[in-house]
Colleague: 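Just passing along the structure, written as structure tokens.
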Amino acid sequence: MSQAIHHDEHYDAEGSKIGMWLFIFTELLLFGGLFVIYSVYRFMNQDAFHLAAEELNTTVGSINTIILLVSSMTIAMSTSALQKGQKGTTIVLLEITLMLGLIFLVNKYFEWGVKFEHGIFPGSQHMLDTLSQGEILFFGLYFVMTGLHALHIIAGMALIGVTLAKVSKGTVHPERSALLENAGLYWHLVDLIWIFLFPLFYLIH
Amino acid sequence: MQNEKHHIVPYSTYIIILAALVLFTFLSIEVTGIELGGLTVAAALIFASLKSYLVLTYFMHLKFDKPYIRIMVGFVILVFLAVIIITFIDYFFR
């Protein structure tokens, strides 16, 4: 095994996990701050938020919710697969997760595209002319929060891509699985945020 | 090395959790479709909380990790709730 040299490297699975969780806490509070802004503005502009939310496509939102939930399951399974020593299954599960992340982004692209066609985008003159201040606030929050979430999807996919490469190279293996577990934690965080974004923007009319 | 600490979660657990998550998603879509006024928001948030509990406990392995991580997560959630509550106390009583 040419990998023997790696045993001298510092490896602390528990330390890695704590570090990832601390990072996740900062992410939770980042989105938490946005949720506070959302709830205060919703409280102050209830009718406008009600009206603006009618504009969003619940079907697309629901499909994306299911996609993210399934992808969360596949990456969770990939950790089990690695621990069982099933490298091939791990790789397939990670590839499925990446695919699902990509499908989520494609859906988001078309969803935003429809909004843009209707003249709804940040800084749009059409919005300033025809929508009330509360509706503009709603769409502003919609673009910022789902956009920031989409950036997290991209970051998560990059992390999963790196993990995938390292699993196939063999540098992430059952005795050194912290990277895969942390990529999983990050992906679940992205799922967790969506679990709250989805009802707040798409469901509550 | 640390194998005794590693709890391998069977695939079936994850499939059951996914089924529950999808079920809660459809239930929340159905419930919010009914006009319940202020209760709609409450119902949507209750389902979202149930779903995030499942994700945190099973997908994010909190159930199988040492308890101190769970305590830290609980603390962060409490901090967030405190911020929400204090903000709304301000808005309700100004």
Side-chain angles (χ1 to χ4, degrees), chain A residues 7 11 13-14 17-18 21-22 24-26 28-29 31-33 35-37 39-40 42-44 46 58-59 61-62 65-66 68-70 72-77 79-84 89 174-177 181 184-185 187-189 191-193 195-200 202-205, chain B residues 1-3 5-11 13-15 17-22 24-26 28-29 31-33 35 38 40-52 54-56 58-62 65-66 68-69 72-73 75-77 79-81 83-84 86-88 90-92:
Chain A
H7 287 296
Y11 176 71
E14 182 146 9
K17 186 183 281 177
I18 300 167
W21 271 107
L22 289 177
I24 285 175
F25 293 159
T26 69
L28 284 177
L29 292 178
F31 276 94
F35 281 120
V36 173
I37 298 173
S39 39
V40 167
R42 171 156 213 123
F43 176 66
M44 292 167 76
Q46 287 179 18
T58 310
T59 314
S62 312
T65 305
I66 305 294
L68 269 197
L69 290 175
V70 174
S72 247
M73 182 193 71
T74 53
I75 198 161
M77 281 179 165
T79 307
S80 293
L82 189 76
Q83 286 166 346
K84 287 180 184 173
T89 316
E175 273 77 46
R176 273 185 89 100
S177 58
E181 283 170 38
L185 281 178
W187 195 254
H188 297 313
L189 162 81
D191 187 24
L192 211 55
I193 294 164
I195 284 176
F196 282 94
L197 284 181
F198 169 63
L200 289 180
Y202 295 84
L203 287 188
I204 305 172
H205 291 165
Chain B
M1 284 187 272
Q2 304 173 322
N3 276 343
K5 273 196 267 172
H6 267 288
H7 174 92
I8 301 181
V9 185
Y11 296 143
T13 308
Y14 289 135
I15 292 171
I17 297 302
L18 177 71
L21 287 169
V22 171
F24 284 152
T25 304
F26 282 119
S28 65
I29 295 168
V31 166
T32 50
E35 278 300 329
T40 309
V41 182
L45 287 177
I46 287 168
F47 278 113
S49 307
L50 279 173
K51 284 162 72 182
S52 45
L54 290 180
V55 169
L56 283 164
Y58 291 94
F59 284 175
M60 295 175 97
H61 290 184
L62 284 183
D65 279 331
K66 290 182 186 159
Y68 74 92
I69 301 181
M72 282 160 69
V73 174
F75 180 73
V76 170
I77 293 171
V79 167
F80 177 66
L81 286 178
V83 171
I84 284 267
I86 293 167
T87 309
F88 272 91
D90 181 23
Y91 273 94
F92 276 125

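Chain identifiers are assigned alphabetically (A, B, ...) following the order of the sequence lines, protein sequences preceding nucleic acid strands; residue numbering begins at 1 within each chain. Just the heavy atoms: all of them, side chains too, but no hydrogens, waters or symmetry mates, feed the values below.
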Colleague: Is it true that the NZ or CZ of B:K51 lies under 6.0 Å from the centre of A:F198's six-membered ring and within 45 degrees of the ring axis?
Modeller: no
Colleague: So, A:H188 side chain and B:M60 main chain: donor-acceptor pair closer than 3.5 Å or not?
Modeller: no
Colleague: Are A:E14 and B:K66 side-chain neighbours, meaning at least one heavy-atom pair lies under 4.5 Å?
Modeller: yes
Colleague: So B:Y14 and A:S80, do their side chains get closer than 4.5 Å, heavy atoms only?
Modeller: yes
Colleague: Might you work through the side-chain contact (heavy atoms from CB on, under 4.5 Å) test for A:F25 and B:V73, ending with a clear yes or no?
Modeller: CA-CA 8 Å; A:F25 293 159; B:V73 174; 3.7 Å; yes
Colleague: Under 4.5 Å between any side-chain heavy atoms of A:L192 and B:F59, yes or no?
Modeller: no
Colleague: Could you tell me if the side chain of A:M73 sits less than 4.5 Å from the side chain of B:I17, heavy atoms only?
Modeller: no
Colleague: Does the side chain of A:L200 reach to within under 4.5 Å of the side chain of B:L45, using non-hydrogen atoms?
Modeller: yes
Colleague: With side chains defined as the heavy atoms from C-beta onward, is the minimum distance between A:Y202 and B:I29 less than 4.5 Å?
Modeller: no
Colleague: side-chain contact (heavy atoms from CB on, under 4.5 Å) with A:L203: which of B:T32, B:V31, B:T25?
Modeller: B:T32
Colleague: If we only count heavy atoms from C-beta on, is the A:Q83 to B:V9 side-chain gap below 4.5 Å?
Modeller: no
Colleague: For B:F88, look at atom CZ and say whether over 12 heavy atoms of other residues, nucleotides or ligands are found less than 6.0 Å away.
Modeller: yes
Colleague: What option among A:T58, A:I204, A:I195 has the most heavy-atom pairs under 4.5 Å with chain B?
Modeller: A:I195
Colleague: Around atom CZ of A:F43, are there more than 12 heavy atoms from other residues, nucleotides or ligands closer than 6.0 Å?
Modeller: yes
Colleague: Does any backbone or side-chain atom of B:L62 lie under 4.5 Å from a heavy atom of chain A? Answer side chain, backbone, both or neither.
Modeller: side chain
Colleague: Could you tell me which portion of A:T26 (side chain, backbone, both or neither) has an atom closer than 4.5 angstrom to a non-hydrogen atom of chain B?
Modeller: neither
Colleague: Test side-chain contact (heavy atoms from CB on, under 4.5 Å) on B:Y11 and A:T89 and set out the steps.
Modeller: CA-CA 12 Å; B:Y11 296 143; A:T89 316; 4.0 Å; yes
Colleague: Would you check, one step at a time, whether the test side-chain contact (heavy atoms from CB on, under 4.5 Å) holds for B:H61 with A:L185?
Modeller: CA-CA 9 Å; B:H61 290 184; A:L185 281 178; 6.0 Å; no
Colleague: Side chain from CB out, backbone as N, CA, C, O: work out which of these in B:S52 comes under 4.5 Å of a heavy atom of chain A, or both, or neither.
Modeller: both
